[in-house]
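Working notes, structure below.
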Amino acid sequence: MTNQEMRETKERLGIIDFKINYKTGVHYGVIEDFFSGKTDELDPKDRKRIEAMLEAEAKKG
């Protein structure tokens, strides 16, 4: 999933940053900076966790 696809999925599903933090364990500041567009860099482990969480939420909805 590209950065843009991750951001679009988050917006489409209406997921808040805190929920991503809670479900993935990725530091809230990292999530906030990434999804607000302040940075495009994510640790590969964090990216994998966030992608898996977004994909699971998309399947639920």
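Computed over heavy atoms, backbone and side chain alike; hydrogens, waters and symmetry mates excluded.
Residues Leu13 and Met53 share a single hydrophobic cluster, defined by chaining ILVMFWY side chains whose heavy atoms lie under 4.5 Å apart. Under a hydrophobic-cluster definition in which Ile, Leu, Val, Met, Phe, Trp and Tyr are linked whenever side-chain heavy atoms come within less than 4.5 Å, directly or via other members, Leu42 and Ile16 are assigned to different clusters. Cluster annotation: Phe18 is not connected to Ile50 through the hydrophobic network of ILVMFWY side chains, with a link wherever side-chain heavy atoms come within less than 4.5 Å. Tyr22 and Leu54 fall into different hydrophobic clusters, where Ile, Leu, Val, Met, Phe, Trp and Tyr side chains are chained together by heavy-atom contacts under 4.5 Å. Clustering ILVMFWY residues whenever any of their side-chain heavy atoms sit less than 4.5 angstrom apart, transitively, puts Phe34 in a cluster other than the one holding Tyr28.
With contacts defined as side-chain heavy-atom distances shorter than 4.5 Å, the pair Asp46/Arg49 qualifies. The shortest distance between side-chain heavy atoms of Asp17 and Lys10 falls below 4.5 Å.
Val26 and Asn21 get closest at one heavy-atom pair: O-ND2, 2.6 Å. Of all non-hydrogen atoms in Ile15 and Ile20, the two that sit nearest each other are CG2-CG1, 3.7 Å.
Interatomic distance, CG of Asp33 versus NE2 of His27, reported as 10.0 Å (0.5 Å rounding).
For the salt bridge (Lys or Arg N to Asp or Glu O under 4.0 Å) test, residues two or more places apart in sequence or in another chain that qualify with Arg7 are Asp40. Every residue meeting the side chain to side chain donor-acceptor pair (under 3.5 Å) condition with Asn3, not counting sequence neighbours, appears here in chain and number order: Arg47. Looking at residues two or more places apart in sequence or on another chain, you find a side chain to side chain donor-acceptor pair (under 3.5 Å) between Lys19 and Glu57.
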